[in-house]
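Encoded as structure tokens, the structure appears first; notes follow it.
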Amino acid sequence: MTSHLQTAQGLLVPQNWRGYTPEEHATWRYLYERQSQMLQGRACDEFLHGLQALDLGQTGIPDFARLSESLRALTGWSVVAVPGLIPDEAFFALLANRQFPAGRFIRKRDQLDYLQEPDVFHDVFGHVPMLAHPVFADYMQAYGEGGLRSLSFDCLHRLARLYWYTVEFGLIRTADGLRIYGSGIVSSYAESVHALESPIPRREDFDLKRVMRTPYCIDRFQDMYFVIDSFDDLLGETYQDFAPIYRALAPQPDLSISAA
Ligand code: HBI
Ligand code: FE
């Protein structure tokens with residue numbers, strides 16, 4: 001085991017599933033109902049399929065141990081609990097090891113639509129369905145491995161942008177039109193509508209170098225989304241060594257994220 005992975009395992013906490021209150025489970029069910037209905041025809045088929053296949057909790061907040069059993073059988077991933085944001089090295093090491101770190105707390109009733117830190121609804125409803133898809137599952141691992149390889153470069157902001165514009169806020173082109181796969185979008189009612197239907201944001205073809213040159217904003221709807229053609233393409237891009245890309249990008253300025 002690498003030392004980063006050892007450090008990461010030391011940060012894990014028990015989910016303490018039995019400790020959730022009936023009200024917390026009710027919050028999950030409310031959010032689950034609202035999002036899963038709204039996402040029909042908006043989220044990509046891969047996401048909706050994962051949501052079905054994992055039986056993600058009409059009954060309440062999923063028990064990570066049971067959820068991990070189902071997920072492990074599909075793609076070899078598991079879900080582990082963390083106390084909040086963890087350091088980048090630990091985050092990368094867990095992803096490279098096919099362990100997805102999830103927050104265990106759930107948002108309060110008065111902050112259903114916006115929070116600063118990822119809670120269990122964002123982390124599990126938002127991220128875990130895509131981990132049931134074999135190609136996306138490999139992409140997340142490849143991202144973690146790319147992250148570990150990048151630790152010696154001063155380029156974490158570039159890697160964070162890749163994560164942001166794909167895993168968190170990615171769109172995909174399908175025969176039926178644009179669809180959502182990004183977790184930051186699928187776990188937000190208002191941003192799901194904004195991302196697909198608003199005339200305000202720009203929707204550009206995914207280009208790894210462009211993505212790595214594009215800053216992002218964490219406290220409002222995105223003005224820019226990147227659209228992939230397929231998960232195979234995205235995975236292919238991430239298997240390459242980023243070192244030459246970092247070198248090529250070093251002298252280039254960041255791009256603007258102002259809306260159309
Ligand atoms: N920790 N728990 C948690 N969740 C994240 O999404 C996360 C993190 N630590 C670092 C991190 N994300 C990002 O900085 C990476 O995308 C680079
Ligand atoms: Fe997230």
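No experiment lies behind these values; they were computed from the predicted model shown. All ligand and atom numbering here is 1-based and tracks the order in the structure.
Ligand-side atoms of ligand 1 in range of L85: 1 (N), 2 (N), 3 (C), 4 (N), 5 (C), 7 (C), 8 (C), range being under 4.0 angstrom from any heavy atom. Each of the atoms 16 (O) of ligand 1 lies under 4.0 Å from some heavy atom of Y163.
For residue E168, an N/O/S atom approaches the Fe ion (ligand 2) to within less than 2.8 Å.
G84 counts as a contact of ligand 1, since one of its heavy atoms falls under 4.0 Å from the ligand. Between Y143 and ligand 1 there is a heavy-atom distance shorter than 4.0 Å.
When you scan the N, O or S atoms of H127 for the one nearest the Fe ion (ligand 2), you land on NE2.
Electrostatic pairing of D110 and R107 does not count as a salt bridge here, judged by no charged N lying under 4.0 Å from a carboxylate O.
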Worked verdict on R173 versus D205 for salt bridge (Lys or Arg N to Asp or Glu O under 4.0 Å): CA-CA 9 Å; R173 200 173 283 112; D205 287 346; 2.4 Å; yes
D254 and R213: salt bridge (Lys or Arg N to Asp or Glu O under 4.0 Å), yes or no, with the steps? CA-CA 5 Å; D254 279 353; R213 291 175 64 193; 5.9 Å; no
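Not one N or O on the side chain of E46 forms a donor-acceptor pair closer than 3.5 Å with the backbone of H133. The main-chain N or O of Y216 is never found under 3.5 Å from a side-chain atom of W164 such that the two would form a donor-acceptor pair.
Annotation: cation-pi geometry not satisfied between R42 and F47 (NZ/CZ under 6.0 angstrom from ring centroid, within 45° of ring axis).
Protein heavy atom in closest approach to atom 4 (N) of ligand 1: F91 CE1, 3.6 Å. If you check which protein heavy atom lies closest to atom 13 (C) of ligand 1, you get D88 OD1, 3.6 Å. The protein non-hydrogen atom at the shortest distance from atom 1 (N) of ligand 1 is I86 N, 3.1 Å.
Ring geometry for Y165 versus F226: interplanar angle over 60°, hence perpendicular rather than tilted (30 to 60°).
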